[in-house]
2 protein chains.
Amino acid sequence: MGITKTEIFTKQQNETALLMKALGHPARIAIVEYLLSVNACICGDIVNELALAQPTVSQHLKELKNAGIIKGNISGNAICYCIDETAIDTLRVYFGGISDNLEKKKKMCC
Amino acid sequence: MGITKTEIFTKQQNETALLMKALGHPARIAIVEYLLSVNACICGDIVNELALAQPTVSQHLKELKNAGIIKGNISGNAICYCIDETAIDTLRVYFGGISDNLEKKKKMCC
DNA sequence: AATCTTTATCGTAATATTGCAATATAAAAA
DNA sequence: TTTTTATATTGCAATATTACGATAAAGATT
């Protein structure tokens with residue numbers, strides 16, 4: 001049907017999936033990496049950096065913002081986007097936890 | 001168009017995005033968490049665990065397997081799925097790296 | 001004020017995803 | 001061998017995503 005049955009999963013599972021989904025596109029990975037590479041939080045030259053049209057980049061930025069992965073400050077008529085540490089931390093902790101858990105049960109698996 | 005322009009991104013960016021995309025659905029998060037919670041690598045009672053039809057679960061398992069997040073061993077007529085540590089490690093390192101990087105440039109951002 | 005610059009939104013076409021019933025496959029059990 | 005059990009595949013309907021041209025909105029510049 002193309003519609004996700006969110007109601008049968010926990011709030012945490014849905015939220016985790018939303019975070020991951022937001023990073024489940026190479027353009028959005030590239031945007032995050034670009035934001036990380038510049039020493040200040042540069043805004044719209046992301047469009048120049050990526051071979052994508054401006055509306056497309058804007059849409060990807062919106063999704064990253066909705067997921068809480070980036071945040072934007074208005075500065076004049078431009079907008080300064082940057083990575084939101086909280087989301088990255090959540091992901092770091094999540095995968096760290098799985099990794100630790102797997103370490104413990106080593107050799108109990110395939 | 002619904003089609004991702006993979007050719008304009010690096011191989012690494014595409015691969016990272018594929019890993020994240022595979023985890024960008026609550027059912028697949030739930031599957032990974034279930035696999036982690038059982039002390040052996042249980043197979044098809046994932047269907048009983050989730051309120052989804054068997055073909056739907058099978059499809060999600062296939063996507064996780066394609067992305068390299070889980071692996072499956074045939075054992076009789078059943079299949080034993082379990083988490084592939086490599087993928088989790090890749091992601092742990094990836095977000096660990098971003099986190100470290102952000103730590104360094106603290107206060108240079110919004 | 002008129003224009004430029006920057007970003008967002010709308011509308012739309014092409015394609016992908018989600019979910020399931022029906023069916024296929026293949027090993028195990030009877 | 002027939003039946004059961006476990007899983008995968010096919011086909012399809014409903015919905016979501018990706019991408020972009022056209023346009024809007026709003027501050028900056030002239």
Side-chain angles (χ1 to χ4, degrees), chain A residues 1-9 13-14 17-31 34-35 40-67 70-82 110, chain B residues 1-9 13-14 17-31 34-35 40-67 70-82 110:
Chain A
M1 301 171 179
I3 191 165
T4 297
K5 279 183 145 184
T6 51
E7 70 278 8
I8 64 171
F9 305 105
Q13 286 169 338
N14 283 311
L18 280 180
L19 264 187
M20 310 270 185
K21 191 179 181 184
L23 291 171
H25 190 290
R28 296 194 288 269
I29 291 286
I31 289 172
Y34 179 69
L35 281 175
C41 36
I42 295 304
C43 48
D45 29 26
I46 298 169
V47 174
N48 292 33
E49 194 68 15
L50 303 185
L52 288 172
Q54 181 268 322
T56 308
V57 171
S58 187
Q59 193 176 294
H60 283 307
L61 285 169
K62 190 180 175 185
E63 277 173 64
L64 285 171
K65 202 169 148 198
N66 282 345
I70 62 173
K71 45 189 174 179
N73 280 45
I74 296 169
S75 96
N77 67 335
I79 296 181
C80 167
Y81 280 114
C82 66
C110 329
Chain B
M1 302 168 180
I3 190 164
T4 297
K5 280 183 147 182
T6 51
E7 70 279 7
I8 64 172
F9 305 105
Q13 286 168 340
N14 282 310
L18 279 181
L19 274 182
M20 292 306 280
K21 190 178 179 180
L23 291 171
H25 191 289
R28 297 195 287 269
I29 290 287
I31 289 172
Y34 179 69
L35 282 175
C41 35
I42 296 304
C43 49
D45 30 26
I46 298 170
V47 175
N48 292 33
E49 193 68 15
L50 303 185
L52 288 172
Q54 181 268 323
T56 307
V57 171
S58 186
Q59 191 177 297
H60 283 306
L61 285 169
K62 191 181 177 185
E63 277 172 65
L64 285 170
K65 202 169 150 199
N66 283 345
I70 63 174
K71 46 190 174 178
N73 281 45
I74 294 168
S75 95
N77 67 337
I79 296 183
C80 167
Y81 280 115
C82 65
C110 333

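Here is the naming used below: chain letters follow the sequence lines, and residue numbers restart at 1 for every chain. We use all heavy atoms of the structure for the numbers below, so side chains are in, but hydrogens, waters and symmetry mates are not. Small disclaimer: the values here were computed from a predicted structure and weren't measured.
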Whole angstrom is fine here: how far is it from [atom1] in [X] over to [atom2] in [N]?
X	N	atom1	atom2	result
H60(B)	dA16(C)	NE2	C1'	14 Å
E63(A)	dT9(C)	CD	P	12 Å
E7(A)	dG19(C)	CD	C1'	12 Å
I3(A)	dA13(D)	CD1	C1'	13 Å
N66(A)	dA8(C)	CG	P	11 Å
I31(A)	dA19(D)	CD1	P	10 Å

Only counting residues at least two apart or in another chain, list the ones meeting side-chain contact (heavy atoms from CB on, under 4.5 Å) with [X].
X	result
K62(A)	N66(A)
E49(A)	Y34(A)
L19(A)	I69(A), A87(A), T90(A), L91(A)
A53(A)	P55(A), T56(A)

Assign each of T4(A) and A27(A) the nucleotide of DNA chain D bearing its closest heavy atom; nearer the 5' end lies the nucleotide of T4(A)

Along DNA chain D (nearest heavy atom to each residue), the more 5'-positioned of L52(A) and G76(A) | L52(A)

Does K21(B) place a side-chain N or O at less than 4.0 Å from the phosphate oxygens OP1/OP2 of dA16(C)?
-> no

K5(B) side chain near dC20(D) phosphate (N/O to OP1/OP2, under 4.0 Å) = yes

When all nucleic acid strands are considered with a 4.0 Å heavy-atom cut-off, which category describes I74(B): base, sugar-phosphate, or nothing?
-> nothing

Would you call L64(A) and Y81(A) a side-chain contact if the rule is heavy atoms closer than 4.5 Å?
-> no

Below 3.5 Å is the cut-off: list the nitrogen or oxygen pairs between protein and nucleotides 1-9 of chain D, distance only.
unit_1	atom_1	unit_2	atom_2	d
dT5(D)	O2	N77(B)	ND2	2.9
dA6(D)	O4'	N77(B)	ND2	3.4
dT7(D)	OP1	G44(B)	N	3.3
dT7(D)	OP1	I79(B)	N	3.2
dT7(D)	OP1	I79(B)	O	3.4
dA8(D)	OP1	Y81(B)	OH	2.5
dA8(D)	OP2	S58(B)	OG	3.0
dA8(D)	N7	Q54(B)	NE2	2.7
dA8(D)	N6	Q54(B)	OE1	2.9

Examine distances only and state if a side-chain atom of N73(B) and a backbone atom of C80(B) form a donor-acceptor pair shorter than 3.5 Å.
-> no

Show me the donor-acceptor pairs within less than 3.5 Å that the side chains of residues 23-30 of chain A make with the rest of the protein, sequence neighbours left out.
unit_1	atom_1	unit_2	atom_2	d
H25(A)	ND1	A27(A)	N	3.0
H25(A)	NE2	T4(B)	OG1	3.4
R28(A)	NE	A22(A)	O	2.5
R28(A)	NH1	H60(A)	ND1	2.9
R28(A)	NH1	E63(A)	OE1	3.1
R28(A)	NH2	K21(A)	O	3.4

